[in-house]
Amino acid sequence: PRDRASIDDNRSGTLPCVQPILSTTATTNNIDMSEVLSSTRVGSERGGVLKRIRHKSSSTGTDMIFALFLPSCYENDVIRGKKTPVLFWLSGLTCDDSNFCNKAGSKAFETAEEEGIAMIMPDTSPRGEDVPNDDSYDLGQGAGFYVDATESPYNTHFQMYTYIASELPTLLSLEFHLGGYKSIAGHSMGGHGALTIAFKNAAEWTSVSAFSPVCNPTDCPWGEKAFKAYLSTDDAGKQHDATWIMEQRTGPFVEYDDILIDQGTADEFLEDQLKPEALEAAAEKCGQKLTVNRREGFDHSYHFIAAFISDHVKFHAKRLKQKMLAAVPPTFDFSATAGKVITCKAMVARAAKQPLTLETITVGIPRKNEVRVKVIANALCHTDIYTLDGFDPEGLFPSILGHEAGCVVESVGEGVTSVSVGDHVIPCYTPQCCEAECIFCQSPKTNLCPKIRSTQGAGVMPDGTVRFHDADGKPINHFMGCSTMSEYTVLADISCAKIPKEAPLDKMCLFGCGVSTGLGAVWNTCKVEVNSTVAVFGLGAVGLAVIQGAKMAGASRIIAVDINPSKFIAAEKLGATDSVDSSNLPDGKTIQQYIAGTLTKWGVDYSFDCTGNTEVMRAALECSHRGWGTSCVIGVAASGHMITTRPFQLVTGRTWKGTAFGGFKSRRDVPNLVKDYLAGKLPIDHFITHEIMGVGETNQAIDALHSGGCLRAVVKY
């Protein structure tokens with residue numbers, strides 16, 4: 001038997017039912033990596049266009065082919081600078097990019113045209129003479145199972161998880177201006193791929209659905225066979241098992257209001273291979289809404305898919321449109337509050353090691369060179385927790401914490417010319433005064449402008465007073481010059497980085513601290529070169545940003561180090577080539593000895609501490625390369641802790657340095673980071689693992705951060 005939705009004579013990848021109106025030797029797009037092999041209009045003379053495209057894949061190391069449907073609105077979207085949303089379709093065993101197009105494409109593309117969304121249909125595996133294969137239909141070419149193989153002979157080319165989750169979205173964004181928002185669906189093995197990729201990267205996908213998915217692959221013959229061949233053991237496949245992933249959750253996915261599955265009751269694989277009841281039980285346990293439509297009399301074939309594909313396209317289109325609409329910058333009328341004291345809600349830190357309290361406060365009128373802003377979204381950073389837990393020597397109570405936010409200017413004080421009412425800004429705890437007499441702002445060597453450092457550390461505005469008062473009229477301290485755990489806050493104008501209004505503030509807030517710090521440590525502080533070797537200690541948001549930055553800088557080897565192996569998946573997705581559990585090393589080996597001795601002969605060119613642990617800082621230095629290694633301290637250590645090493649480590653050519661805000665000059669550089677995001681060059685959505693509504697729910701974000709599974713929790717006000 002083979003997957004009934006496959007078509008034997010389509011293994012070659014042709015589209016026999018389509019007569020292409022354009023079929024040249026190669027029509028190149030914006031980037032030479034891709035070739036349009038054929039192109040045809042579908043549906044009607046005014047309908048969309050179906051293209052068949054070949055490109056060289058960096059993930060699989062082979063040529064890959066995918067089909068791409070572009071609705072008729074696509075060209076206008078490009079002209080207007082809008083990214084057409086896209087639905088990924090992952091096919092099942094033995095299929096390639098053509099099966100879905102030929103058997104269900106007519107109805108799917110008609111609905112996608114009506115809804116104004118694009119669709120991409122990638123192949124199910126790498127192919128070619130040098131690509132390993134198997135005589136059976138459920139392994140090898142046509143059966144990639146959407147995992148990154150680690151076992152020979154498949155590990156060289158079978159990297160389908162990275163190809164779908166990372167490479168293709170980037171290609172679509174850069175080359176075709178697609179996928180500002182994207183959803184994913186699939187059938188059978190492809191349904192398994194859609195569910196697991198969506199579950200593992202929830203912040204990056206708008207919605208997910210499946211037809212007849214392999215729901216519990218670690219407990220079915222197809223999955224057991226594939227995971228053993230590709231991942232060594234069935235147990236290693238748990239990270240790619242939708243049911244197992246759902247079972248680990250303590251609550252539903254906030255990103256998915258519903259997950260849609262259609263299953264035929266006459267499907268011959270239902271009992272032994274698909275097992276939807278296992279996923280249903282896991283979803284019920286964690287409170288996740290899961291709609292499973294059991295379709296009477298339908299089997300596993302494309303007849304089943306064609307019957308209900310329009311429902312799935314509409315399911316995704318509805319949610320893509322809702323998300324796009326929510327991302328449209330709201331307009332505010334601040335005429336009622338300008339020049340007046342504002343009463344609003346804020347989370348107040350009354351004492352160390354105590355939960356934040358939701359209070360009604362007043363926010364004063366901005367004074368000279370000050371800006372009052374409405375906070376739209378705030379991302380929780382470990383520095384906030386560091387202060388709340390009493391480790392910050394400058395920590396003051398009561399105070400309003402928060403410093404990673406996206407805001408809209410509500411009013412400005414005397415002398416403010418850099419921003420205006422209605423502008424979108426990122427508050428920056430590292431200001432940039434840009435004054436000619438400021439040797440720090442004028443120097444290319446640093447970003448540490450000291451203009452308001454003394455008052456910022458004292459919890460007051462530059463004039464020495466506060467703008468926050470509680471219900472009893474008592475003053476509340478400011479925090480890091482930001483205090484964004486309040487619906488409104490007041491900033492120094494030199495702390496406001498103005499950004500384009502089309503950028504989503506609930507994403508751009510991440511550029512206010514951690515992500516920028518990690519990227520800048522690589523690009524600015526250490527200036528990592530192409531083909532450098534790198535070690536990163538600590539795989540929180542900052543550490544992962546370091547990995548992403550190192551990969552973008554062209555590092556040839558990136559060693560990710562943590563004591564929590566569950567973090568290695570994200571690290572490897574972003575570019576880590578090696579993952580090391582420093583709590584599980586060979587007897588007698590320290591982590592620095594393991595890196596500089598076992599993994600490498602002399603150590604790495606660059607190492608980064610993202611933990612704040614002084615012993616780890618020492619290990620990071622001592623694993624850097626003899627003669628020229630550089631180690632960068634990013635993590636903030638607890639008050640009173642000292643770093644130590646043998647002076648011989650420095651005598652033999654190593655450099656020890658640190659970074660604040662990644663060396664970025666805030667008002668100049670943050671807008672450029674945002675522009676790179678909008679251009680698709682700098683994705684950061686993957687850092688957002690939790691989204692929470694309402695300033696009063698900020699303690700939920702703190703709980704999420706303490707859970708160990710959170711990179712960034714964004715609270716939307």
Side-chain angles (χ1 to χ4, degrees), residues 329-330 332 334 337-338 342 344 363-379 381 400-435 438 440-441 447-453 455-456 460-463 466-468 478-517 520 660-662 664-675 677-678 717:
F332 297 97
F334 293 121
T337 55
I342 290 177
C344 68
V363 183
I365 300 167
R367 300 185 184 179
K368 185 177 181 180
N369 297 325
E370 294 178 359
V371 179
R372 189 163 64 182
V373 298
K374 177 178 176 61
V375 181
I376 303 301
N378 181 76
C381 175
I400 296 174
L401 304 177
H403 63 286
E404 259 189 36
C407 309
V408 178
V409 175
E410 178 269 343
S411 59
V412 299
E414 176 190 348
V416 175
T417 59
S418 56
V419 296
S420 302
V421 173
D423 283 346
H424 290 195
V425 298
I426 303 297
C428 297
Y429 70 91
T430 301
Q432 184 185 4
C433 74
C434 301
E435 295 176 0
C438 178
F440 294 87
C441 283
N447 63 334
L448 299 178
C449 173
K451 178 77 173 180
I452 58 174
R453 179 68 186 89
T455 53
Q456 184 169 303
V460 294
M461 296 300 293
D463 68 355
V466 300
R467 302 292 167 269
F468 299 128
H478 294 252
F479 175 72
M480 295 180 69
C482 297
S483 292
T484 53
M485 290 185 185
S486 171
E487 292 176 327
Y488 289 84
T489 188
V490 179
L491 313 167
D493 60 348
I494 63 174
S495 298
C496 296
K498 180 181 174 181
I499 67 170
K501 290 185 178 181
E502 63 266 30
L505 289 171
D506 59 342
K507 304 289 193 303
M508 297 307 95
C509 59
L510 270 60
F511 285 127
C513 184
V515 171
S516 298
T517 299
F661 198 52
F664 284 118
K665 291 184 182 289
S666 55
R667 292 200 289 163
R668 181 194 70 186
D669 294 333
V670 168
N672 291 328
L673 293 174
V674 172
K675 289 175 184 176
Y677 171 90
L678 291 173
Y717 296 176

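- K507 pairs by the salt bridge (charged side-chain N to carboxylate O under 4.0 Å, His left out) definition with nothing, not counting sequence neighbours.
- For S483 against T489, the heavy-atom pair with the smallest separation is O-OG1, 3.1 Å.
- A497 approaches R667 most closely through the heavy-atom pair CB-CA, 4.2 Å.
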Please tabulate, for side-chain N and O atoms in residues 371-378, each donor-acceptor pair with protein atoms closer than 3.5 Å (sequence neighbours left out).
from : atom 1 : to   : atom 2 : distance (Å)
R372 : NE     : E410 : OE1    : 2.6
R372 : NH1    : K340 : O      : 2.8
R372 : NH1    : V363 : O      : 3.1
R372 : NH1    : G364 : O      : 3.1
R372 : NH2    : T337 : O      : 3.0
R372 : NH2    : K340 : O      : 2.8
R372 : NH2    : E410 : OE1    : 3.3
R372 : NH2    : E410 : OE2    : 3.2
N378 : OD1    : T484 : OG1    : 2.5

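- With a 4.5 Å cut-off on side-chain heavy atoms, P431 and K451 do not count as touching.
- Partners of R467 under the salt bridge (charged side-chain N to carboxylate O under 4.0 Å, His left out) rule, at least two apart in sequence or in another chain, are E370, D463.
- Proximity of Q432 to F440: side-chain heavy atoms (C-beta onward) are nowhere separated by under 4.5 Å.
- Under the rule for a salt bridge (charged side-chain N to carboxylate O under 4.0 Å, His left out), R668 has no partner lying at least two apart in sequence or in another chain.
- Here CD1 of I494 is found 4.5 Å from CD1 of I452. Values are rounded to the nearest 0.5 Å.
- Judged purely by atom type and a 3.5 angstrom limit, S516 has no side-chain atom pairing as donor or acceptor with the backbone of G512.
- Listed by chain and number, the residues in a salt bridge (charged side-chain N to carboxylate O under 4.0 Å, His left out) with K498 are D423 (sequence neighbours excluded).
- None of I426, V670, V425 except one satisfies the side-chain contact (heavy atoms from CB on, under 4.5 Å) rule with C496; the exception is V425.
- Residues A492 and M461 come closest through the heavy atom pair N-CE, 3.9 Å.
- Judged as a side-chain hydrogen bond (donor to acceptor under 3.5 Å, both in side chains), and not counting sequence neighbours, D669 has no contacts.
- Minimum interatomic distance between Q456 and G481 (heavy atoms only, all atoms of both residues): CG-N, 3.4 Å.
- Taking P500 as the reference, E502, V674, K675, L678 meet the side-chain contact (heavy atoms from CB on, under 4.5 Å) condition, with sequence neighbours excluded.
- The shortest side-chain heavy-atom distance between P427 and C407 falls under the 4.5 Å cut-off.
- Contact annotation: the side chain of Y677 approaches that of F511 to within less than 4.5 Å [non-hydrogen atoms, C-beta and beyond].
- F661 pairs by the ring pair (Phe, Tyr, Trp, His ring centres under 6.0 Å) definition with Y429, not counting sequence neighbours.
- Considering only heavy atoms from C-beta on, C449 stays 4.5 Å or farther from C434 through its side chain.
- Rounded to the nearest 0.5 angstrom, L401 CG and M485 CE are separated by 5.0 Å.
- Annotation: the span from S486 atom OG to I342 atom CD1 amounts to 9.0 Å, rounded to 0.5 Å.
- Checked by atom type and distance alone, the side chain of N447 never pairs as donor or acceptor with a backbone atom of S666 at under 3.5 Å.
- A distance of 12.0 Å separates CD1 of I499 from CG of N672, quoted to the nearest 0.5 Å.
- The ring pair (Phe, Tyr, Trp, His ring centres under 6.0 Å) check on F468 picks up H478, with sequence neighbours excluded.
- Pairs of residues two or more places apart, or lying in two chains, never qualify as salt bridge (Lys or Arg N to Asp or Glu O under 4.0 Å) while including a residue from residues 481-496.
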